[in-house]
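Start at 1 and go down the list; that is how both ligands and their atoms are numbered.
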Amino acid sequence: MDVYKIRGGNRLQGTIKVSGAKNSAVALIPASILANSPVTIEGLPEISDVLTLQSLLEEIGGIVNFHEGTMTIDPSEMIAMPLPNGDVKKLRASYYLMGAMLGKFKKAVIGLPGGCHLGPRPIDQHIKGFEALGAKVTNEHGAIYLRADELRGAKIYLDVVSVGATINIMLAAVLAKGQTIIENAAKEPEIIDVATLLTNMGAKIKGAGTNVIRIDGVDELHGTNHTIIPDRIEAGTFMIMAAVAGNGVIIDNVIPFHVEALTAKLREMGVNVVEGEEQIYIPKTDKLHAVDVKTLVYPGFPTDLQQPFSVLLTQAAGSSIITDTVYSARFKQIDELRRMNADGRVEGRSVILTGPTPLQAATVRATDLRAGAALVIAGLIAEGETEVQEIQHIERGYSSLIQKLRGIGADISKVPVPEKAAVNK
Ligand code: EPU
């Protein structure tokens, strides 16, 4: 098992490039199942979630070629192979196989998904959508069975604004008969990206990016070429690094509009954020001020950046409160940051951080993807050498992180550690 070793204290300087969006990629790849000829997606991040989906598509008969960020998927020989176990448990987004396979084959068997443990993550709204379209859905021994004689468009009101349910219902509805209307839909940029791909495949979708999406079912979908949007969460992670450890960093391949909530908070803290067309420049910051943050669905402050942001707040003068309204247990980074001398206290859905506190190196554990990103940031500013364990969580979502950070001056490396030597389990 590998670990990251980070020697803190280097000031980061130069240009760091953002990869394609993980949370788009994990939906775009399953969406290709719906086509009847090859789909090519360019700019995909080289992360383990993408590789896992590649092997899942191969398992159901897809011919997939993935080279330097470009994936071509030929779905013409795919079959409705049941996937009750195995790789589906490695990632949350395997739930998109339900919508895509139900839409294409009118049946699917998919094991309940894995992913980060952030408190309860039900999929009742996905299921409510599938049922409204005419599917019979049962949970048998930990796998979801979906069957339909035919899918018919329906009006679906989401009780919870959910990215996954919005995309999954779109996937199931594009080949259904008649019109589907999703009300109280999520508005994340990744939803627009998936709708763009589906539209280029021949689907009829209106309103993606607003809270009402209308889909007119079509008989079939064809292959196309698509370039993915940049990862706003990776971009945000780099912006936070630049604010806390930078000496002038340019974040390249970012849509500034997608990270506005973070930009506004950084400015409130005293960070100068200079927006270009596809770049953001963050000069060296001298003093950080405490701020309060509440995570919300898009366009609010993203829950995915709350964990990295908590490290920045340990360096701000005064007390800050982060409240996560999206997930009930997404503060596992705080225990690890406390090992590094941070002053943080979790109270229910909030954490109170007081700073500035100089961080000290320690051996810490990436409990989930964004907690891992937070610990890397902490390692960059801590005194001494930090060891981050369980980095497989980080590599589910950050492409070439070591190379990218070394490129702007970080002292970070990936080191193999024999299983027995790993501590702090
Ligand atoms: N929810 C329900 N019922 C449902 C679906 C969701 O109650 O049927 C609740 C969830 O429990 C949560 C809230 O609604 O409290 C939002 O969940 P959502 O469905 O929007 O999240 P998701 O689709 O499971 C995606 C991202 C997450 C990101 C959230 C919120 C993917 C694969 N994952 O998850 O990304 O945190 O949206 O923006 O797209 C990450 O990248 O680190 C990550 C966890």
**OP:** Classify the contact between Tyr327 and ligand 1 as side chain, backbone, both or neither, using a heavy-atom distance cut-off of under 4.0 Å.
**Re:** side chain
Original post:
Short question: side chain of Asp193, backbone of Ile229 - any donor-acceptor pair under 3.5 Å?
Top reply: yes
**OP:** Have a look at ligand 1 and work out which part of Gln125, if any, has a heavy atom under 4.0 Å from it: side chain, backbone, both or neither.
**Re:** both
Original post:
Pro122: heavy atom below 4.0 Å from ligand 1, yes or no?
Top reply: yes
Original post:
ligand 1 versus Glu190, non-hydrogen atoms closer than 4.0 Å: side chain, backbone, both, neither?
Top reply: neither
Subject >> Parallel, tilted or perpendicular: rings of His126 and Tyr95 (30°, 60°) >> reply: tilted
Original post:
Just heavy atoms, cut-off under 4.0 Å: does Ala165 contact ligand 1 by side chain, backbone, both, or neither?
Top reply: neither
Subject >> Heavy-atom nearest option to atom 37 (O) of ligand 1, drawn from Ile123, Asn168, Val163 >> reply: Val163
**OP:** Return yes when Lys128 approaches ligand 1 closer than 4.0 angstrom through a heavy atom, no otherwise.
**Re:** no
Original post:
Out of His393, Arg92, Arg330, whose heavy atom is nearest to atom 44 (C) of ligand 1?
Top reply: Arg330
Original post:
Could an N or O of ligand 1 be found under 3.5 Å from any N or O of Asp304, whether backbone or side chain?
Top reply: yes
Original post:
Is Asp87 reaching over with its side chain to a backbone N or O of Leu56, donor-acceptor style, under 3.5 angstrom?
Top reply: no
**OP:** Would you kindly specify which portion of Arg121 sits under 4.0 Å from ligand 1, judged on non-hydrogen atoms: side chain, backbone, both or neither?
**Re:** both
**OP:** Answer yes or no: does an N/O atom from Tyr96 fall short of 3.5 Å to an N/O atom of ligand 1?
**Re:** no
Subject >> Arg92/Asp49 ion pair, N-O < 4.0 Å >> reply: no
Original post:
Measuring from the heavy atoms of Tyr298, does anything fall under 4.0 Å of ligand 1?
Top reply: no
Original post:
Do ligand 1 and Val26 have nitrogen or oxygen atoms that lie under 3.5 Å from each other?
Top reply: no
**OP:** Would you kindly specify which portion of Leu369 sits under 4.0 Å from ligand 1, judged on non-hydrogen atoms: side chain, backbone, both or neither?
**Re:** side chain
Original post:
Got an N/O contact under 3.5 Å between Ala93 and ligand 1?
Top reply: no
Subject >> Contact atoms of ligand 1, heavy-atom distance to Thr303 under 4.0 Å >> reply: 30 (C), 36 (O)
